[in-house]
Amino acid sequence: MASNLWPDHRTMPATSEGWCGAFHHKATEYFRACLETCGALRKKLEEPDCLGPFLRDSALSEDAFKRSTSLLGFTHYNYSQFNPVGGYSASEKTQQQVFGIRPHQDDGLCTLLYTDGQGGLEYAKGLRNASSQAMMSDLSLYSGAQCRADLQFSDAVVWEPVPFLPGHWIVNLGTDLFRWAQQSSSRSSSCRPCKATLHRVVPITGTRDRYSMPFFYEPNLDVRDPCPPHTPRYEYLMKDAAGGVVQKLPEKSVKP
Ligand SMILES: O=C(O)CCC(=O)C(=O)O
Ligand SMILES: [Fe+2]
């Protein structure tokens, strides 16, 4: 993997040497704190009174994160460029103008998200039954197969704003954890399934800018799923990208 491209005052005139140094130092410190917190969270999730051993045992779980591909991002949303008029079922172009980030699930085990407190982040609470209007919190809504395809733009999804609590992270569970817990729970009752949070960012009227810092806690790229056929992670990601994101969006965009 390539090394980080840190901000450099020689190529970024709006910054100074001191600012770039401080950014490097603070970002590295924050990254380490997130990595450590997520390691502790993984162990908690593996305990019998939580999800149970979704990666078979603690040695396998430690190994799976030895060459972690975790990532810290810095996102700026400029809401003045958004145009919600087209709605999100029209075309890919209008979808891009409606969302800060389109509905998606994070990969990896979990995400620690901190924001500037501006609203806009929403999670999928469940699906609304078209005839009874009852809300169903359906685990299948959160499977890789479903979410990457049609359901993410469906009117049946019930969206709920995620409140901001100063000093607290927002935690999303990811698709690797979903898959591992699903596989392990189908083979043994000592593990429970869980959801990979479907979420999106929508612009809030009257807000111009929004900033967020997502930390994505990711295993080694070549980690194997715990249960047969022991698929390596990158194979799953490739299949998921080819079958969902790449092919399904153009199909959606031709709908009226
Ligand atoms: O900016 C946010 O609040 C959410 C960011 C997010 O979902 C992501 O980067 O995956
Ligand atoms: Fe996300």
Side-chain angles (χ1 to χ4, degrees), residues 1-2 34-35 38-39 41-46 50-73 92 101-113 123-124 127 138-154 157 171-200 214-252:
M1 247 177 295
C34 288
L35 195 61
C38 284
L41 181 60
R42 170 166 53 85
K43 291 187 185 104
K44 272 267 170 230
L45 288 167
E46 282 163 350
C50 197
L51 290 180
F54 48 81
L55 272 172
R56 221 165 58 214
D57 57 49
S58 55
L60 199 75
S61 169
E62 282 299 296
D63 275 356
F65 285 82
K66 271 213 172 102
R67 283 165 287 108
S68 161
T69 52
S70 297
L71 196 72
L72 174 62
E92 202 173 337
I101 296 189
R102 282 185 282 203
H104 69 283
Q105 296 158 295
D106 298 341
D107 293 311
L109 190 131
C110 67
T111 304
L112 297 185
L113 177 69
Y123 78 99
L127 284 179
D138 180 1
L139 256 190
S140 67
L141 166 65
Y142 299 88
S143 76
Q146 295 265 32
C147 272
R148 301 297 166 104
D150 297 345
L151 269 181
Q152 57 184 359
F153 296 117
S154 162
V157 178
V171 182
N172 288 325
L173 302 184
T175 57
D176 285 325
L177 180 62
F178 169 85
R179 195 172 70 259
W180 296 336
Q182 190 85 341
Q183 288 181 359
S184 299
S185 65
S186 68
R187 294 175 71 85
S188 153
S189 59
S190 65
C191 184
R192 294 173 192 82
C194 66
K195 298 170 179 179
T197 327
L198 178 63
H199 57 287
R200 66 182 190 178
F215 172 83
F216 303 102
Y217 185 50
E218 307 265 343
N220 315 341
L221 195 56
D222 60 355
V223 72
R224 282 171 185 263
D225 288 347
C227 299
H230 302 298
T231 315
R233 178 172 184 257
Y234 60 79
E235 263 181 33
Y236 171 81
L237 290 174
M238 289 301 120
K239 200 171 94 207
D240 187 37
V245 179
V246 179
Q247 286 167 12
K248 293 288 179 186
L249 284 176
E251 276 173 31
K252 285 294 301 176

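Values below: all heavy atoms of this structure, side chains included; hydrogens, waters and symmetry mates excluded.
Side-chain contact check for Ser68 versus Leu35: some heavy-atom pair is nearer than 4.5 Å. Two residues are said to be in side-chain contact when any heavy atoms from C-beta on lie closer than 4.5 Å; Tyr236 and Arg179 meet this criterion. A heavy-atom distance below 4.5 Å is found between the side chains of Leu127 and Val157. Two residues are said to be in side-chain contact when any heavy atoms from C-beta on lie closer than 4.5 Å; Leu177 and Cys194 meet this criterion. Two residues are said to be in side-chain contact when any heavy atoms from C-beta on lie closer than 4.5 Å; Leu113 and Val171 fail this criterion.
The SG atom of Cys34 lies 11.5 Å from the CG atom of Leu41; values are rounded to the nearest 0.5 Å. Note that the CG atom of Asp106 and the CG atom of Asn172 stand 5.0 Å from one another [nearest 0.5 Å]. Atoms CG and OG1, from Leu173 and Thr111 in turn, are 9.0 Å apart once rounded to the nearest 0.5 Å. Rounding to the nearest 0.5 angstrom, the gap separating the CG atom in Leu55 from the CH2 atom in Trp180 is 4.5 Å.
No donor-acceptor pair under 3.5 Å is formed between the side chain of His230 and the backbone N or O of Arg224. Between the side chain of Asn220 and the backbone N or O of Asp63 there is at least one donor-acceptor pair closer than 3.5 Å. Listed for the Ser184 side chain is no donor-acceptor partner under 3.5 Å among the backbone atoms of Ala181. Judged purely by atom type and a 3.5 angstrom limit, His199 uses its side chain to pair as donor or acceptor with the backbone of His104.
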Thr175 and Asp107: CA distance, side-chain angles, deciding distance, side-chain contact (heavy atoms from CB on, under 4.5 Å) verdict: CA-CA 5 Å; Thr175 57; Asp107 293 311; 2.7 Å; yes
Residue pair Cys38, Ser70: steps toward the side-chain contact (heavy atoms from CB on, under 4.5 Å) verdict: CA-CA 10 Å; Cys38 284; Ser70 297; over 6 Å; no
side-chain contact (heavy atoms from CB on, under 4.5 Å) between Asp222 and Arg67, intermediate numbers included: CA-CA 9 Å; Asp222 60 355; Arg67 283 165 287 108; 3.4 Å; yes
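Every residue meeting the side-chain contact (heavy atoms from CB on, under 4.5 Å) condition with Asp57, not counting sequence neighbours, appears here in chain and number order: Ala59, Leu60. Scanning for side-chain contact (heavy atoms from CB on, under 4.5 Å) contacts around Pro229 gives Thr231, with sequence neighbours left out. Scanning for side-chain contact (heavy atoms from CB on, under 4.5 Å) contacts around Ser190 gives Pro53, Ser188, with sequence neighbours left out. Taking the side-chain hydrogen bond (donor to acceptor under 3.5 Å, both in side chains) definition, one finds that Ser61 meets it with Arg42, Glu46, sequence neighbours left out. With sequence neighbours excluded, no residue satisfies side-chain hydrogen bond (donor to acceptor under 3.5 Å, both in side chains) with Ser58. Legend: residues meeting side-chain hydrogen bond (donor to acceptor under 3.5 Å, both in side chains) with Lys44, ordered by chain and number and at least two apart, are absent. Residues that satisfy the ring pair (Phe, Tyr, Trp, His ring centres under 6.0 Å) test with Phe54, not counting sequence neighbours, are absent from this structure. Under the ring pair (Phe, Tyr, Trp, His ring centres under 6.0 Å) criterion, Phe216 pairs with no residue at all, not counting sequence neighbours. Scored by the salt bridge (charged side-chain N to carboxylate O under 4.0 Å, His left out) test, Glu218 finds Arg233 as partners (sequence neighbours excluded). Contacts of Arg192 classified as side-chain contact (heavy atoms from CB on, under 4.5 Å), with partners at least two apart in sequence or in another chain: Leu51.
Taking each heavy atom of Gln105 and Leu198 in turn, the nearest pair found is CG-CA, 4.1 Å. Closest approach of Gly108 to Pro219, counting heavy atoms only: CA-CD, 4.0 Å.
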